[in-house]
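The structure appears right after this line, and notes come after that.
Worth saying up front: this structure is predicted, and the values here are computed from it rather than measured. Hydrogens, waters and symmetry mates are skipped; everything else that's a heavy atom, side chains included, is used.
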Amino acid sequence: MNNETCIEELLNGINMGMIAIDHLVDKIENARLRDIVIHQRKAYGDLKEKIQRQFPQVDDKIKQKFMLESMIELKTMLTDDAKIAKMLTEGCNQAIMTVTHLLNKENNIDMKLRSCVNDFEEISEKYLEELKAFL
């Protein structure tokens with residue numbers, strides 16, 4: 001896997017998190033949980049901007065957006081904050097597994113890219129811990 005593919009995978013993970021949050025934030029009743037999710041969305045957005053500045057040559061394609069949005073809407077038709085926290089926790093876990101796999105699989109990743117992947121992992125881990133209180 002080359003750097004461009006790694007960047008695309010990283011952006012896809014960030015985009016999925018941002019899309020999920022965009023669809024869920026208005027359904028959250030607990031103010032503290034809503035604040036956590038809003039901050040998580042901002043952290044992902046800031047990292048996405050950093051990646052796009054550092055690697056402007058990479059196309060930012062959102063993979064499977066419609067499927068993700070449909071799944072989120074279906075899962076949240078009759079839901080509560082605990083179920084939303086669970087969905088977001090599962091998303092964070094998936095993001096951590098994906099980027100850890102990228103880092104373990106690729107030894108020749110550009111150092112700036114490796115730093116961005118580490119940032120994504122740290123953001124996901126931070127918010128994973130904060131979301132646990134709402135499960």
Pair Ile36-Phe134, side chain to side chain contact (heavy atoms under 4.5 Å, CB included): steps then yes or no:
CA-CA 11 Å; Ile36 289 169; Phe134 297 94; 3.5 Å; yes
Holding to ring-ring contact (aromatic ring centres under 6.0 Å, His included), I want the full list of residues that pass it with Tyr127, two or more places apart in sequence or in another chain.
none
So how far is it from Thr89 OG1 to Glu129 CD, rounded to the nearest 0.5 Å?
9.5 Å
Tightest non-hydrogen contact, residues Ala85 and Leu135, listed as C-CD2, 3.7 Å
Backbone N/O of Asp35 and side chain of His39: donor-acceptor pair under 3.5 Å:
yes
Give a yes or no answer on whether the side chain of Arg34 reaches the backbone of Glu29 with a donor-acceptor pair at less than 3.5 Å.
yes
For Asp46 and Lys42, what are the C-alpha separation, side-chain angles and deciding distance, and is it a salt bridge (Lys or Arg N to Asp or Glu O under 4.0 Å)?
CA-CA 6 Å; Asp46 291 347; Lys42 181 175 180 344; 2.7 Å; yes
First locate atom CD1 of Ile84, then atom CG of Asn30, and finally report the distance between them rounded to the nearest 0.5 Å.
10.5 Å
So how far is it from Cys116 SG to Arg114 CZ, rounded to the nearest 0.5 Å?
12.0 Å
Please step through salt bridge (Lys or Arg N to Asp or Glu O under 4.0 Å) for the pair Lys126 and Glu130, ending with a clear verdict.
CA-CA 7 Å; Lys126 174 188 185 295; Glu130 291 188 30; 2.6 Å; yes
Connected to Ile96, directly or through other members, by ILVMFWY side-chain contacts below 4.5 Å are Leu128
Side-chain heavy-atom pair Gln40, Ile21 within 4.5 angstrom cut-off:
yes
Please check if the number of heavy atoms outside Asn104 that lie under 6.0 Å from its CG is greater than 12.
yes
So CD1 of Ile109 and CD1 of Ile7: to nearest 0.5 Å the spacing works out to 9.5 Å
Quick one: CZ on Phe120 to SG on Cys92, what's the gap to the nearest 0.5 Å?
8.0 Å
Decide yes or no on side chain to side chain contact (heavy atoms under 4.5 Å, CB included) for Ile51 and Ile14, but give the supporting numbers first.
CA-CA 11 Å; Ile51 293 166; Ile14 291 169; 3.5 Å; yes
Please report the interatomic distance NZ(Lys50) to NZ(Lys112), rounded to the nearest 0.5 Å.
10.5 Å
Stepwise side chain to side chain contact (heavy atoms under 4.5 Å, CB included) check, Leu24 with Leu88
CA-CA 9 Å; Leu24 294 171; Leu88 291 170; 3.7 Å; yes
Between His101 and Met97, is any pair of side-chain heavy atoms under 4.5 Å apart?
no
Does Thr98 reach the main-chain N or O of Gln94 with its side chain, forming a donor-acceptor pair under 3.5 Å?
yes
Please identify which of these residues, Leu10, Leu11, Asp110, meets the side-chain contact (heavy atoms from CB on, under 4.5 Å) condition with Phe55.
Asp110
